[in-house]
Structure formats: C-alpha cells, structure tokens
Amino acid sequence: MSTSTPARGDEGVVTLQRVARLLVAAEVRAVDLPGTDADECDFALCAALLTSQSLRLLPSGVSIDDVPAPAERDPLALLRGAEQLIREHPIEDLPPGTTALVTDLCNLIGRFTP
C-alpha cells in the first residue's frame, strides 16, 4: 500500500488516521486479553470491523503507517479515545461515512461499558 500525508489543512483526514490507529490498537489488545470468553472474542471481532470501516473512509493512498501506536493497553479506553477524537471535530470536516462509524463505535462502547 502506498502512503501519503494528507495536505495541510485537512485535519479531518489526519483525525481519521489517528482514530484508525486507535481502533487497530483496540483490536490487537482485545485479541491479547487473557482467556477466551465469548464477550472478548465478540469485542475483538467488532473492533476489527470498526478498524476496517475507518480504514475504508481514508482517501486513496492515505494510510496509518506513520501514525504512532498509542501506549494505552485497555481496549475499551482506546475506543473511547477514538470517539473523543472524532467528537473534537465538526462532522462535516470528516470524510463522508464518519457518522456511521461514530454510531457503531458508540454502540460497541455501550455494549461493553458496565
């Protein structure tokens, strides 16, 4: 996959890159959770679907390869961080389709928040 850096002033794409990196980390951390309980597997699968959804929203040629991986280890905290990043920007500044990502992200957070 070729990589490119979004143009200056395209904060929406940069934000989505950071969101995608957090979702990748949540997916990986969820798989690494101890045990094999069905909820953990379900969480990891849903996180993988969100990751795919966020990566498809990036413009062609833009990847997350240059975005540093977060230090956070808790998968749910990573999802919350992704939601917070999205909410810091007006939705119209983000790529089309981001609204569906936000909805799915919030639904997953809600399912696994006690």
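Of all the heavy atoms in Ala30 and Pro75, the pair that sits closest is N-CG, 3.8 Å. Here the shortest heavy-atom pairing between Leu108 and Ala47 reads CD2-N, 4.0 Å. Nearest heavy-atom pair across Gly81 and Leu22 is C-CD1, 3.6 Å. When all heavy atoms are compared, the tightest approach of Phe43 to Ala26 is CE2-O, 4.3 Å. Among all heavy-atom pairs drawn from Ile64 and Ala20, the shortest one is CG2-CB, 3.7 Å.
The line from OG of Ser54 to CG of Leu50 is 7.5 Å long, rounded to the nearest 0.5 Å. The distance from atom CD of Gln17 to atom CG of Asp65, rounded to the nearest 0.5 Å, is 9.5 Å. Separation of atoms CZ (Arg29) and CG (Leu79) is listed at 12.0 Å; rounding is to 0.5 Å.
Within the 4.5 Å cutoff, the side chain of Leu58 has no heavy atoms near those of the Ser63 side chain. Side-chain contact between Arg80 and Thr113 is present, with at least one heavy-atom pair separated by less than 4.5 Å.
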**Message:** As a quick check of understanding, evaluate side-chain contact (heavy atoms from CB on, under 4.5 Å) for Asp74 and Leu78, giving each step before the final call.
**Reply:** CA-CA 6 Å; Asp74 176 29; Leu78 289 161; over 6 Å; no
**Request:** May I have the step-by-step check of side-chain contact (heavy atoms from CB on, under 4.5 Å) for Cys46 and Glu27, ending in yes or no?
**Result:** CA-CA 8 Å; Cys46 290; Glu27 175 187 349; over 6 Å; no
Report, one line per pair, each donor and acceptor closer than 3.5 Å where one atom sits in a side chain of residues 98-105; sequence neighbours left out.
{"from": "Thr98", "atom 1": "OG1", "to": "Pro95", "atom 2": "O", "distance (Å)": "2.5"}
{"from": "Thr103", "atom 1": "OG1", "to": "Thr99", "atom 2": "O", "distance (Å)": "3.0"}
{"from": "Asp104", "atom 1": "OD2", "to": "Gln53", "atom 2": "NE2", "distance (Å)": "3.1"}

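Using modelled atom types, no side-chain atom of Thr15 and backbone atom of Ile86 make a donor-acceptor pair closer than 3.5 Å.
By the salt bridge (charged side-chain N to carboxylate O under 4.0 Å, His left out) test, Arg87 pairs with Glu83, sequence neighbours left out.
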